[in-house]
Structures are given as C-alpha cells and as structure tokens.
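Okay, so here's the structure we're looking at.
Each chain gets a letter, A, B and so on, in the order the sequences are listed, and its residues count up from 1. Model, not experiment: these values are computed from the prediction.
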There are 2 protein chains.
Amino acid sequence: MSRTNVTIVDVAKEAGVSFATVSRVLNDGANVKPEKRARVLRAIKRLGYTTNLQARSLRGGRSHLIGLLVRDLGTAYIGEIMRGVDSELAENKYDVMLYTTHRHQAKENEYVTALTRGMTDGLLLVLPRHPEGYLKSLRQKKFPYVVIDHQGIDDRGPAVGATNRAGGYDATRYLLALGHRRIGFITGSMDLGCSRERLDGYRAALRDHGVAADAELVREGNFQQPGGYAAAIELMNLQDPPTAIFASNDVMAFGVMEAARERGKKIPDDISIIGFDDIPQAAQVHPPLTTIRQPLEEMGHRAAQMLLEIIEHPEQAAEKIELPTELVMRESTRVLR
Amino acid sequence: MSRTNVTIVDVAKEAGVSFATVSRVLNDGANVKPEKRARVLRAIKRLGYTTNLQARSLRGGRSHLIGLLVRDLGTAYIGEIMRGVDSELAENKYDVMLYTTHRHQAKENEYVTALTRGMTDGLLLVLPRHPEGYLKSLRQKKFPYVVIDHQGIDDRGPAVGATNRAGGYDATRYLLALGHRRIGFITGSMDLGCSRERLDGYRAALRDHGVAADAELVREGNFQQPGGYAAAIELMNLQDPPTAIFASNDVMAFGVMEAARERGKKIPDDISIIGFDDIPQAAQVHPPLTTIRQPLEEMGHRAAQMLLEIIEHPEQAAEKIELPTELVMRESTRVLR
DNA sequence: TTGAAAATTGAAAACGTTTTCAATTTTCAA
DNA sequence: TTGAAAATTGAAAACGTTTTCAATTTTCAA
C-alpha cells in the first residue's frame with residue numbers, strides 16, 4: 001500500500017493553520033473565520049485529502065459504518081431491502097458492513113461483542129432468526145439498532161415492518177369479492193411473525209365474510225419455490241380443490257403457477273393465484289402475478305433513516321413503523337366462473 | 001455506547017505483564033514464555049477482551065476488512081458469488097464491507113481514494129462496469145484486488161472467471177447433437193466480456209458442425225427476464241423459427257419459457273430451451289432447465305482465497321483462474337422430432 | 001562457575017484524528 | 001479610546017494498538 005497518505009497535518013501546513021483548525025473545518029465547523037475555512041478547503045482539495053476513518057473512530061468520533069445483518073443473500077426480498085438501506089446510507093455518507101447470519105454460529109455473546117466493539121455505529125437487522133439473546137445485550141449497551149420485518153421478535157426496540165395482517169386480509173377479501181369460496185392458503189416459515197400475521201389476516205377475512213375455515217386448505221410452506229409447488233400439488237389433489245390459492249410470498253406463488261400448469265390448469269381461468277411481496281419478477285412472469293405489495297425498498301430506507309436518527313439522538317424513545325401493504329391487481333386472478 | 005471497553009492495558013494488568021507482551025501474544029506470538037502466554041490468554045478470556053480493529057489498523061496492522069464491490073444486489077447470480085466470498089472470508093476472520101456500483105457516481109478518482117484509504121485490506125470486484133479508470137490506480141498503489149468474472153476488463157490484474165466460451169460451445173454442441181439445426185441465441189449485455197465469449201462459443205460450435213450461421217437467429221438480450229421473453233417472441237415470429245433457444249443466462253431462459261408457453265408450445269416437445277449459470281431456481285422450474293453450470297459460489301471462494309494470498313504475499317505475480325463450466329442436462333431439452 | 005549469545009520483556013513512540021483548555025485576537029458597548 | 005466579553009486559534013492529551021529499541025533474564029558452551 002502506498003504510504004503517501006495525506007493527513008490533517010499536511011493540510012494544515014499547506015493552509016498555514018494549525019491542524020486543530022483543519023479538524024474543526026472538517027467537523028462541525030463552528031467558529032472558524034471564513035477566510036481560514038476557505039484556505040483549508042482549498043488545501044484539502046489541492047492535496048486530495050480524505051479522512052482516515054479508523055483514526056476518527058478511534059478518537060471517539062463516528063466510524064460512519066453501519067452493520068447490516070442479513071440471513072441470506074441473493075433473494076429478491078433481501079435485495080430490495082438492501083437497495084433501500086444502501087441508498088439511504090450512501091446519501092448520508094455511511095458505509096455498509098455486511099454480516100450474514102450463518103457466518104457466526106459462535107456463541108452469541110461473543111458475536112454481539114464483536115459487532116458492537118467492531119467499527120460500526122449501529123446495526124440493522126433484517127428478519128433475524130434468533131435475536132432474542134443479543135437484542136437484550138444491544139439494548140443494555142445502548143447500542144443503536146433497528147429491526148426490519150420484525151413482528152413479535154422484539155417488543156421494545158425500534159423496528160420497521162409492514163402491515164402483514166392487513167395484507168393477508170386484503171388478498172383474501174379480494175378473492176372472496178371475485179366469488180371464490182374455496183381459497184387455499186400456503187403459509188411462510190411459521191417461526192416468523194410475518195407468516196403468522198398473514199395467516200391471521202386470511203382467517204379473519206374468511207370469518208368476516210361468513211366463509212367457514214377449512215383446515216385442509218391451509219398448507220405449511222417455507223417461502224421457497226419448491227415448497228409452494230409441493231403445497232399446491234397437495235391442494236389440487238384434494239377432493240374438493242380450491243379455486244384460488246393465496247401464497248404467502250411471490251416465490252411460492254411461482255411454484256403454484258408451475259404446479260397449476262403441470263396439471264393443465266389455465267391461469268387465471270381455471271385457478272386464481274395471488275402472492276405476497278411484489279418482487280420485481282412478479283410483474284415479469286406470465287400471466288403477471290396479482291400480489292400484495294410490501295414496500296421493501298421503502299422499508300430499508302425508513303429503517304436506515306431511523307437508525308441514523310437514533311445514532312444522532314440516542315435519548316429518543318424507540319419507534320415502531322408499519323408501512324402499508326397494497327393490493328396489486330394483475331392477471332393471475334379473475335372472477336370465479 | 002458503553003465505555004466499559006476492555007483494552008490491552010486491562011488485560012496486561014490482569015495478567016501481570018506489560019501490554020507489549022499482550023500484543024505479542026495477540027499477534028505473531030513469537031518469543032513469549034509459555035507460562036506468560038497462558039496467563040495472558042486466561043486474562044483475555046476472563047475479561048472478554050476483543051481487539052479494537054480501528055486501533056490496530058491505524059497502527060499499521062491489518063484491518064481484516066475486505067471491500068466487496070457489486071453492481072447490484074438481490075440477483076441469484078450475485079448472491080451465489082457473495083455466498084462463496086463470504087464463507088471463505090469468514091473462515092479467515094475477515095469481514096466484508098459492501099459497496100454497490102451505483103452508489104458512487106462521483107469522480108472515480110475520489111472513489112478509489114476512498115476505497116483504498118478506507119479501512120479495507122483489499123478489494124473484490126464482481127463484474128465491474130467501468131473499472132478501467134480505477135483498476136489502473138489500484139495497480140499503481142499496489143492495492144490488493146481481484147476481479148471476478150472479468151473477461152477482457154483487465155489484462156494484467158488477478159482475476160477469477162469461468163470458461164464462458166467453452167460453455168457456449170458445449171451448450172450449442174449439445175443442441176446440435178440432439179438434432180437441432182435452427183438454434184436461436186439470446187446474448188447477454190454485450191458490453192460484458194462474458195457475453196461476447198458465450199456468443200463466440202455458439203458460433204464456433206455451429207461452424208465446427210457445418211451449420212451455417214443465420215444472423216436472424218441471434219438476438220441481443222440484457223440478462224433480464226423481460227429481455228429474454230421479448231427476444232424469444234421475436235425468434236418465434238420468424239418465418240423459419242428455431243427449434244431450440246440458447247439463452248445466455250438462466251433468468252432470460254425463464255423468459256423464453258414464458259414466451260413459449262404463451263404461444264402454446266410444449267417444452268421440450270415443441271421447443272428445446274437451454275440457459276447459462278445454473279442458479280438454484282433453474283432446478284426448481286418446470287420442466288427443470290437444462291443449463292451450463294457456472295460454479296459461482298466456487299468462483300467467490302477462489303477469488304477471496306486469491307485476495308488473501310495477495311495480501312499476505314504482495315510480491316507474487318498476478319494469477320488468472322478460469323473455472324470450468326459444465327453442461328447440466330435436465331428436462332427442457334430433447335431430441336428434435 | 002563464568003560470561004557471551006540468545007531469548008524474553010518493558011518503555012516509549014507512533015499511527016491520524018477529536019476535543020479540552022488556555023491563550024490570543026476581535027468585537028462592541030460605554 | 002478602553003476594556004470586558006465573545007470569537008477564534010493552537011498546544012497538547014487521548015483513543016488502543018503495533019513495533020522498535022534497549023534492558024533484563026535465561027541458556028549453554030567452555
């Protein structure tokens with residue numbers, strides 16, 4: 001590595017001021033004479049100075065690094081959220097340090113110590129799997145964090161989510177309005193709060209519309225395409241199969257579409273299908289998938305915003321945000337014949 | 001944040017040695033009496049000490065951070081590579097700092113300065129878009145980096161890729177072996193070396209088997225599903241349409257499948273389809289997609305390995321690795337009727 | 001047993017910042 | 001014009017490490 005690094009001292013020399021003044025210009029900038037400030041800024045530009053983050057952070061300033069904890073990479077769901085997080089942080093000149101859940105199977109204590117003693121100013125947790133242990137520790141240390149897509153994980157901490165129950169309700173109500181009465185439901189991973197809420201919404205809608213719930217019509221899925229496929233096959237094998245299927249996410253809905261096609265069923269003429277999430281691919285398949293839109297990117301945005309706010313003002317009370325879901329009508333659903 | 005941080009000094013006090021000795025134990029560990037080492041290690045454990053990375057890195061040691069530059073998140077392609085990178089780095093106790101290409105539209109000079117002056121020990125570039133400018137600068141600064149999926153971007157630097165040309169050749173040869181003669185080809189983004197190589201392979205295979213190339217059969221795509229769909233529609237609209245279509249990645253192949261279905265064509269009976277990449281979803285669609293497997297995760301692994309090697313031994317010559325692609329026969333292709 | 005060489009150890013400087021405190025300069029009411 | 005108050009500035013300490021250099025201790029051949 002090159003050792004020609006320009007430091008605050010070089011800038012000070014170039015500008016003919018003390019390096020403390022340079023630091024002041026770099027930071028709050030309070031109480032520096034305009035003329036000196038200008039000289040410093042010119043020197044910074046001329047020398048191509050950039051702040052050494054480790055030194056700043058060591059001295060107690062911000063590291064301008066946010067830890068982003070995700071369970072998996074390469075899914076559209078996570079991708080959308082990350083996109084939102086990333087752009088919000090970039091705007092505020094923060095960088096992202098990536099952690100994947102499966103990495104640190106180590107004792108969680110050590111893990112959190114590493115996270116908080118590491119160089120990050122705060123932590124963003126996307127749909128964490130077993131955060132009970134370390135969330136408590138984070139709270140105790142007053143380490144800034146925000147949980148994304150949280151339901152039921154953390155009563156007290158700040159969190160951003162979506163109205164999963166309302167989404168489940170809306171999707172079901174829509175199918176009911178189209179005349180469907182036998183509506184299959186494929187759940188997500190039932191250890192996640194959002195899965196339970198979506199199921200709740202489905203049941204509530206049936207109840208409110210006087211349709212008896214049939215346990216046979218509810219199958220457990222896992223948010224993966226093969227899971228959706230398998231559940232759909234089971235549903236279609238029923239003696240009295242559903243005329244519509246509501247999958248708890250889009251990816252499983254794609255599996256349902258595969259299954260339907262394989263059975264020679266036309267979508268939406270023979271069977272209506274509805275998903276959840278509205279990942280980009282939902283609009284790209286044929287027929288385009290009717291789904292419940294979850295503003296994933298927006299969730300990432302808002303969570304990052306919230307975290308930066310907490311870092312600035314640690315004394316503020318924890319906030320919980322639920323962004324509204326929205327029914328997106330496309331062509332995989334139609335009036336029951 | 002808690003200010004109860006355990007430092008090397010606390011450990012030294014606890015163990016009854018100087019903090020220099022603690023540092024020695026922590027690092028190379030040369031020349032420390034076994035008995036003292038044991039005392040230090042015990043004290044570390046007892047106090048729950050973890051190294052302050054910014055201090056270490058400031059002093060000139062390693063930051064144990066690798067910058068990972070990707071153009072986009074949330075695609076299976078990137079996800080697989082990142083998985084490989086991540087697990088290799090985790091094994092070596094490195095962390096990942098994430099950069100997305102679209103973030104820093106700023107002048108590239110500034111950008112690279114930030115990257116190299118930032119806290120990373122090295123840089124991993126996944127399929128970078130316009131790296132010409134900064135790669136040169138990285139080389140000059142002797143900043144360790146490895147390019148992943150590189151073709152034609154950087155003659156001199158270390159890189160990991162796959163045998164794209166051979167993959168294109170193999171896929172085409174396979175379709176020829178099945179009796180197909182009218183073989184449609186949908187390219188990737190033509191600004192990428194891998195796209196050009198796959199096309200090359202396709203053409204070479206046709207030539208070697210005495211099949212005249214028909215320019216009509218080659219359509220430009222963009223690695224996205226709608227692009228694949230559109231190109232497939234064009235191909236099927238030809239007077240003498242292809243009996244098989246080779247898409248330059250799986251995602252576009254899914255678009256081709258959509259198009260085929262929409263035209264009422266059975267896969268593979270009426271049309272054979274083959275992809276490239278072998279992302280997990282390729283095995284999950286129906287029928288399962290025949291494709292050219294690119295060892296994406298392995299590529300990430302190897303690139304990370306290589307980078308760590310370069311960081312350790314900067315004097316070594318740049319290496320270029322091309323991992324072999326492989327034909328994965330599934331059910332979207334069959335003998336021409 | 002002795003003393004040179006090797007191994008071990010500790011003190012102190014340094015990495016590049018931010019921030020405290022005191023000193024200096026400027027402002028402005030009387 | 002004067003001098004108290006406010007604004008500006010610089011010196012120096014500190015953050016937690018690694019590493020150099022010198023001092024001390026240990027080893028082992030003679």
Side-chain angles (χ1 to χ4, degrees), chain A residues 1-40 43-44 47-65 93 113-114 116-121, chain B residues 1-41 43-44 47-65 113-114 116-121:
Chain A
M1 275 195 258
S2 75
R3 275 267 59 88
T4 55
N5 280 344
V6 180
T7 77
I8 211 177
V9 175
D10 302 319
V11 173
K13 211 170 293 172
E14 174 87 6
V17 300
S18 79
F19 64 87
T21 302
V22 177
S23 176
R24 268 185 283 264
V25 171
L26 248 29
N27 293 283
D28 49 348
N31 295 341
V32 179
K33 278 218 181 154
E35 185 254 335
K36 287 210 173 179
R37 175 192 309 285
R39 282 215 320 263
V40 168
I44 285 175
L47 299 179
Y49 167 83
T50 53
T51 309
N52 179 315
L53 294 181
Q54 36 255 359
R56 166 178 288 172
S57 139
L58 178 60
R59 185 51 188 78
R62 302 273 152 70
S63 68
H64 274 237
L65 264 178
K93 309 216 174 204
T113 313
T116 56
R117 292 249 6 219
M119 16 183 72
T120 59
D121 293 340
Chain B
M1 275 196 258
S2 74
R3 277 266 60 86
T4 55
N5 280 345
V6 180
T7 76
I8 211 178
V9 175
D10 302 319
V11 172
K13 210 169 293 172
E14 174 86 6
V17 300
S18 79
F19 63 88
T21 302
V22 177
S23 175
R24 268 185 283 263
V25 171
L26 250 29
N27 293 283
D28 49 346
N31 295 342
V32 179
K33 276 215 180 157
E35 184 255 336
K36 288 209 173 180
R37 175 192 310 283
R39 283 219 315 265
V40 168
L41 290 175
I44 285 176
L47 299 180
Y49 167 83
T50 54
T51 310
N52 179 314
L53 294 181
Q54 37 256 359
R56 168 179 288 173
S57 138
L58 178 60
R59 185 53 186 79
R62 300 272 152 71
S63 67
H64 274 237
L65 263 178
T113 314
T116 56
R117 293 250 4 221
M119 16 183 72
T120 57
D121 292 340

*asked:* To the nearest 0.5 Å, what is the distance between CD on A:Glu14 and CD1 on A:Ile44?
replied: 11.0 Å
_Distance check, rounded to the nearest 0.5 Å: B:Leu47 atom CG versus B:Thr7 atom OG1?_
9.5 Å
*Rounded to whole angstroms, how far apart are CD on B:Gln54 and C1' on C:dT18?*
14 Å
*With a 3.5 Å cut-off and just heavy-atom distances, do the side chain of A:Arg59 and the base of C:dT18 make a donor-acceptor pair?*
yes
*At their closest point, which heavy atom of B:Ala55 faces which heavy atom of A:Leu58, and how far apart are they?*
CB-CD1, 3.8 Å
*Write down the distance between CG (A:Leu26) and P (C:dG16), rounded to a whole number of angstrom.*
15 Å
*asked:* Please check this pair: side chain of A:His64 against backbone of A:Lys93, looking for a donor-acceptor N/O pair closer than 3.5 Å.
replied: yes
*Distance below 4.0 Å between B:Ser23 side-chain N/O and D:dT18 OP1 or OP2*: yes
*Quick one: A:Leu58 CG to C:dT19 P, roughly how many Å, whole number?*
12 Å
Using atom types as modelled, flag every donor-acceptor pair under 3.5 Å from a side chain in residues 16-26 of chain A to any protein atom, sequence neighbours excluded.
unit_1  : atom_1 : unit_2  : atom_2 : d
A:Ser18 : OG     : A:Ala20 : N      : 3.4
A:Ser18 : OG     : A:Thr21 : N      : 3.4
A:Ser18 : OG     : A:Thr21 : OG1    : 3.3
A:Ser23 : OG     : A:Asn27 : ND2    : 3.4

_Spacing between A:His64 atom NE2 and C:dT18 atom P, to the nearest angstrom_ = 10 Å
*Round to a whole Å and report the spacing from CG of B:Asp10 to P of D:dG16.*
9 Å
*asked:* Once side chain to side chain donor-acceptor pair (under 3.5 Å) is applied, do any residues pair with B:Arg39, and if so which ones, sequence neighbours excluded?
replied: B:Glu35
*Round to a whole Å and report the spacing from CG of A:Asn27 to P of C:dG16.*
17 Å
*Measure the distance from CG on B:Leu53 to C1' on D:dT18 and round it to the nearest whole Å.*
14 Å
*Quick one: bend of the helix from C:dT1-D:dA30 to C:dA30-D:dT1 from 5 pairs per end, to 10°?*
40°
*From A:Leu53 CG over to B:Ser57 OG, what is the distance, rounded to the nearest 0.5 angstrom?*
9.5 Å
*For B:Arg56, what residues pass the side chain to side chain donor-acceptor pair (under 3.5 Å) criterion, not counting sequence neighbours?*
none
Shorter than 3.5 Å, N or O on both sides, protein versus nucleotides 8-12 of chain C: list them out with atom names.
unit_1 : atom_1 : unit_2  : atom_2 : d
C:dT8  : OP2    : B:Asn31 : OD1    : 2.8
C:dT9  : OP2    : B:Lys33 : N      : 2.9
C:dG10 : OP2    : B:Ser18 : N      : 2.9
C:dG10 : OP2    : B:Ser18 : OG     : 3.0
C:dG10 : OP2    : B:Thr21 : OG1    : 2.9
C:dG10 : N7     : B:Arg24 : NH2    : 2.8
C:dG10 : O6     : B:Arg24 : NH1    : 3.4

*asked:* Please report the distance, rounded to the nearest Å, between CZ in A:Arg56 and P in C:dG16.
replied: 15 Å
